[in-house]
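To find a chain, count down the sequence lines: A is the first, B the second, and so on, and within it residues start at 1.
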Amino acid sequence: IKTQPDIKQYYWIA
Amino acid sequence: MFEARLMNATILKKILDAVKDLLNEGTFDCSDSGIQLQAMDNSHVSLVSLTLRSDSFDKFRCDRNLSMGMNLGTMAKILKCANNDDTVTIKAQDNADTVTFMFESQNHEKVSDYEMKLMNLDQEHLGIPDTDYSCVVRMPSMEFARICRDLAQFSESMVICCTKEGVKFSASGDLGSANVKLAQTSNVDKEEEAVIIEMQEPVTLTFACRYLNAFTKATPLCNQVQLSMSADVPLVVEYRISDLGHIRYYLAPKIEE
């Protein structure tokens, strides 16, 4: 089963 | 004082159509260099980034940096009140809590203005690093929209497999399976019809069809779409907006649990 990761985990809070 | 004018309302209408399925609201950051909007959809799965350059507006004045939080549904309603060939001027005073959209007909005989309340949005701004992608595919945007629509009938997810020969889109589910292969165009007569692949390394990634389909709402903005992919990082789907700038959508690949 594949899950959809949160986009936030790939980038930093600017 | 902020003032930005476009000679034609169509482009702004298309931009709103391209974001309003994903975003209910967004902050437009205005500065000397232009207008930027960056926002995640409600479920934090995708990220939308819009850039409009000041030098491509017919008039652009921004005395102080300004962040305008707007309800995009309301903005879309207001833009529906403009004719496609109307001139649009967006105006706001410094520290104002409203923004005004002014529409002027080509013969200058009809002028309307709509004032909208601004919102204080507490939105996080994400830093996106410059990335060298393993595969960059440029293809007709209508073709990409068609493939996303067709394959979504078979599965919630779509696999995109890119090699230097071509790009393959696949979906499989209870109904059956679908595969669409596009070869790299050998003879580029019409650039807008070409499929062009720049590949460092082949990639195979799985994406949610629902979001890809939402991104294709930007299709009327550009004949071509660019897909940038690398293993384990978000896909970037980019539509250029003529001379004005671009809209980019980011979507992380699905991962094995």
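- Nearest heavy-atom pair, A:A14 versus B:G127, reported as atom, atom and distance to 0.1 Å: CB-N, 3.9 Å.
- Note on B:V45, B:I255, B:V233, B:L47: by heavy-atom pairs under 4.5 Å with chain A, the leading option is B:I255.
- Annotation: B:M116, atom CE; neighbour count of heavy atoms from other residues, nucleotides and ligands within 6.0 Å is above 12.
- Side chains of B:L251 and A:I7 form no contact here, defined as non-hydrogen atoms less than 4.5 Å apart.
- Taking the side-chain contact (heavy atoms from CB on, under 4.5 Å) definition, one finds that B:I90 meets it with B:F2, B:L12, B:V88, B:V99, B:F101, sequence neighbours left out.
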Check chain A against chain B and list any donor-acceptor pairs under 3.5 Å.
unit_1: A:I1; atom_1: O; unit_2: B:E257; atom_2: N; d: 2.9
unit_1: A:K2; atom_1: NZ; unit_2: B:E256; atom_2: OE1; d: 3.3
unit_1: A:T3; atom_1: N; unit_2: B:I255; atom_2: O; d: 2.7
unit_1: A:T3; atom_1: O; unit_2: B:I255; atom_2: N; d: 2.8
unit_1: A:Q4; atom_1: NE2; unit_2: B:A252; atom_2: O; d: 3.0
unit_1: A:I7; atom_1: N; unit_2: B:H44; atom_2: O; d: 2.9
unit_1: A:K8; atom_1: NZ; unit_2: B:E124; atom_2: OE1; d: 3.0
unit_1: A:W12; atom_1: O; unit_2: B:G127; atom_2: N; d: 2.6
unit_1: A:A14; atom_1: N; unit_2: B:H125; atom_2: O; d: 2.6

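- Among all heavy-atom pairs drawn from A:P5 and B:P253, the shortest one is CD-O, 3.2 Å.
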